[in-house]
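A quick write-up on the structure given underneath.
Note that the structure is a prediction, hence the values are computed from the model and not measured.
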Amino acid sequence: MAKFLFYFCLYFIHFSLHDTFLFKETDTTKKLILIGGNLEADNKDIYERMVELSGGPGYARIGLIVAANLDPQGSYTYYMDILEKYRVAEAVLIPVDTYRKSNNKAPKVVELVKKMTGLFITGGDQARVVEVLFNEENGKRVASPVLAAIKEAYHNGIMVAGTSAGTSCMPTAIMVKDGLSYDALKYGAYDAKDSKYPDNLVYDRNGGLGLLDGYILDTHFSERGREGRMIRLIYESTKSMHNQAYMGIGLDENTALVLTNINNTHADGEVLGERGVFFMDMHEAREDTNASYYRMSGIYSHYLTQGDTIQLPSMTIKTATWKTSTRGHEKYSYALPSRDIFGGSRKKYEPEFVATATRLFDNEHDYVIRSRTNETRPTFRVLMSQTGREAKGYYGRKRRSNQWQITYINLYLEVSGQ
């Protein structure tokens, strides 16, 4: 009897493990990890989540797509070393880049992609990723066999992550390529780069890889003051008959938005990392066409940090349990405006736009604050208000690092040139 029970237990354990393995293989929930660039090697929250969503330590086989980088081997070696410290089973080079574009048709590379449990698109230039993974046929851009394999694997449930250019290349909507916020507001957006005007806002009207519908993506966001260029680019997108997006997601450095349960109408998001993720909603935005310079109103935004969750596209937000409302706990009596609102980071200080919005939610008396650009002729004014849509602010100390983090919801924005 004892021998029978022993073998019965072995049989039960064997098939339980077998079923668990099959569950990993047949999980078809789409999942993306969007990272804002400058991902530090010690960011355990993000790397461990990448490994977890790729099957877990000792199981994850992550393919590194280094097409954005002009030093693909160096990029591969750097991330391979890091991923091995987080106990992936294997970090594999997907050998398609600027120097080996012909590999985007190679059956061996297609099969290599299919063997991965996760894919990681590293940083560099998003235009290179598009150039390498698409081909041209009869004057039209078409997905290469390797890109088709990447998208098939993604739709079958493997994790796809990107950092910096590896995130910016993901949308179906028009893809940002270059440009500064001030120049975007002053001159508009262009679908071709002009060497005489290196700071112009430039985009790809055909979009990126087509992994995420309905959003424009940007990275190094707060650090480089890219709020203005996102406003202009979303507006340009809405004028297009295809690749439209009324919403944008801007990701700060060393920070990620983890998207799971992605389908045509829904996605669940969670913020991880050092800073925050900016969400811009321009469904109600209106341009004043009679103004002398660009003027846009009706913009709503949210800024979420570690532990906050969001449902897309409804923008249903839950803040981390360790954060408290700023209402009744304000640090300042009044809110100080900025004289360089798109100035980005200044050494050790918080990025200018985030710092200004924080002061608005962290003061007792001011519900509206009016800031401006450092540049003139024209000067662009940015109005921030917490008077509409039940705007709320939250703050708290991040548990692992004891770092203060701010979250704000339904910040109203207007931009106008004078």
Side-chain angles (χ1 to χ4, degrees), residues 36-38 68 123-128 164-165 167-169 171 173-205 208 215-239 245 248-253 255 275-278 280 282 285 287 291-296 299 301 303 337-347 349-357 371-384 413-418:
N38 284 347
D125 184 341
Q126 54 266 36
R128 287 194 203 104
S164 187
T167 288
S168 296
C169 72
I174 60 177
M175 181 186 77
V176 65
K177 295 172 73 175
D178 211 344
L180 300 180
S181 282
Y182 178 81
D183 294 76
L185 296 175
K186 183 176 181 179
Y187 300 113
Y190 300 87
D191 61 0
K193 192 170 181 67
D194 187 335
S195 59
K196 295 180 181 179
Y197 306 100
D199 295 331
N200 277 356
L201 173 57
V202 183
Y203 65 94
D204 188 330
R205 66 170 60 251
Y215 303 88
I216 287 174
L217 303 178
D218 208 347
T219 56
H220 306 278
F221 196 72
S222 299
E223 292 83 1
R224 300 185 186 179
R226 289 177 166 173
E227 297 86 1
R229 85 174 190 178
M230 177 172 279
I231 290 171
R232 194 63 191 254
L233 192 57
I234 294 176
Y235 172 70
E236 295 297 325
S237 162
T238 61
K239 297 191 295 185
I249 301 173
L251 298 114
D252 289 351
E253 294 176 358
T255 305
R275 285 188 166 161
V277 178
F278 186 90
M280 186 174 292
M282 292 185 61
E287 182 189 20
S292 299
Y293 297 102
Y294 183 78
R295 182 170 184 171
M296 183 67 66
I299 306 164
S301 64
Y303 185 74
S338 171
R339 297 181 179 180
D340 187 14
I341 190 62
F342 301 126
S345 293
R346 295 181 301 170
K347 298 181 181 178
Y349 300 104
E350 282 293 304
E352 193 69 18
F353 193 98
V354 173
T356 305
S371 299
R372 64 176 177 85
T373 58
N374 182 56
E375 301 87 348
T376 58
R377 298 183 181 178
T379 296
F380 283 96
R381 307 280 179 177
V382 177
L383 178 146
M384 296 179 174
L413 301 172
E414 291 184 4
V415 178
S416 58
Q418 298 175 2

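- Applying the salt bridge (charged side-chain N to carboxylate O under 4.0 Å, His left out) test to pairs two or more places apart or on separate chains, none has a residue in residues 371-381.
- Applying the ring pair (Phe, Tyr, Trp, His ring centres under 6.0 Å) criterion to Phe278, with sequence neighbours excluded, gives Phe221, Phe353.
- With sequence neighbours left out, the side chain to side chain donor-acceptor pair (under 3.5 Å) criterion links Asp199 to no other residue.
- The distance from the OG1 atom of Thr373 to the CD1 atom of Ile341 is 9.5 Å, given to the nearest 0.5 Å.
- Closest heavy-atom contact between Lys177 and Asp204: CD-N, 3.7 Å.
- The distance from the CG atom of Leu233 to the OG1 atom of Thr238 is 10.0 Å, given to the nearest 0.5 Å.
- Nearest heavy atom pair, residue Ala245 against residue Ala173, reads CB-CB, 3.7 Å.
- The two residues Glu352 and Asp340 have their closest heavy-atom pair at CG-O, 3.0 Å.
- Interatomic distance, Ile216 CD1 to Ile231 CD1, rounded to the nearest 0.5 Å: 12.0 Å.
- Considering only residues two or more places apart in sequence or on other chains, Asp178 meets the salt bridge (Lys or Arg N to Asp or Glu O under 4.0 Å) condition with Lys193.
- When all heavy atoms of Ile299 and Ala285 are compared, the closest pair comes out as CG1-CB, 4.2 Å.
- The two residues Ser181 and Gly225 come nearest to each other via the heavy atoms OG-O, 2.6 Å.
- Between Met175 atom CE and Asp218 atom CG the span is 11.0 Å, to the nearest 0.5 Å.
- At a threshold of 4.5 Å between non-hydrogen side-chain atoms, the residues Tyr294 and Glu287 count as touching.
- The two residues Ser416 and Arg295 have their closest heavy-atom pair at CB-CG, 3.7 Å.
- Here NE2 of His220 is found 10.0 Å from CG of Leu251. Values are rounded to the nearest 0.5 Å.
- Every residue two or more places apart in sequence or in another chain was checked for a salt bridge (Lys or Arg N to Asp or Glu O under 4.0 Å) with Asp252, and none qualifies.
- If you take CD1 on Ile174 and CZ on Arg205, they are separated by 8.5 Å, rounding to the nearest 0.5 Å.
- The side chain to side chain donor-acceptor pair (under 3.5 Å) search around Thr356 returns Arg359, not counting sequence neighbours.
- Applying the ring pair (Phe, Tyr, Trp, His ring centres under 6.0 Å) rule to Tyr215 yields no partners; only residues at least two apart in sequence or on another chain are considered.
- Remark: Asp183 engages no residue in a salt bridge (Lys or Arg N to Asp or Glu O under 4.0 Å) (not counting sequence neighbours).
- When the ring pair (Phe, Tyr, Trp, His ring centres under 6.0 Å) test is applied to Phe342, no partner is found at least two apart in sequence or on another chain.
- Judged purely by atom type and a 3.5 angstrom limit, Ser338 has no side-chain atom pairing as donor or acceptor with the backbone of Ser371.
- Distance alone, capped at 3.5 Å, is enough to place a donor-acceptor pair between the Glu223 side chain and the Glu253 backbone.
- For Asp125, the side-chain contact (heavy atoms from CB on, under 4.5 Å) test picks out Ala127, Arg128, with sequence neighbours left out.
- The one candidate from Glu236, Arg226, Arg229, Met230 that meets the side chain to side chain contact (heavy atoms under 4.5 Å, CB included) condition with Leu201 is Arg229.
- Residues Ser301 and Glu227 have side chains not in contact (no heavy-atom distance under 4.5 Å, counting atoms from C-beta outward).
- Side-chain atoms of Thr219 do not come within 3.5 Å of backbone N or O of Ser168 as any donor-acceptor pair.
- Within 6.0 Å of OH on Tyr190 lie more than 12 heavy atoms contributed by other residues, nucleotides or ligands.
- Side-chain atoms of Arg232 and Met296, non-hydrogen and from C-beta on, never get closer than 4.5 Å to each other.
- Every residue was checked against the salt bridge (Lys or Arg N to Asp or Glu O under 4.0 Å) condition with Arg339, not counting sequence neighbours, and none meets it.
- Residue Tyr182 is tested with Tyr187, Tyr293, Phe380 for a ring-ring contact (aromatic ring centres under 6.0 Å, His included); the sole match is Phe380.
- For the pair Tyr203 and Ser237, the minimum side-chain heavy-atom distance is 4.5 Å or more.
- Residues passing the side-chain contact (heavy atoms from CB on, under 4.5 Å) test with Pro198, sequence neighbours excluded: none.
- Using modelled atom types, no side-chain atom of Asn200 and backbone atom of Val202 make a donor-acceptor pair closer than 3.5 Å.
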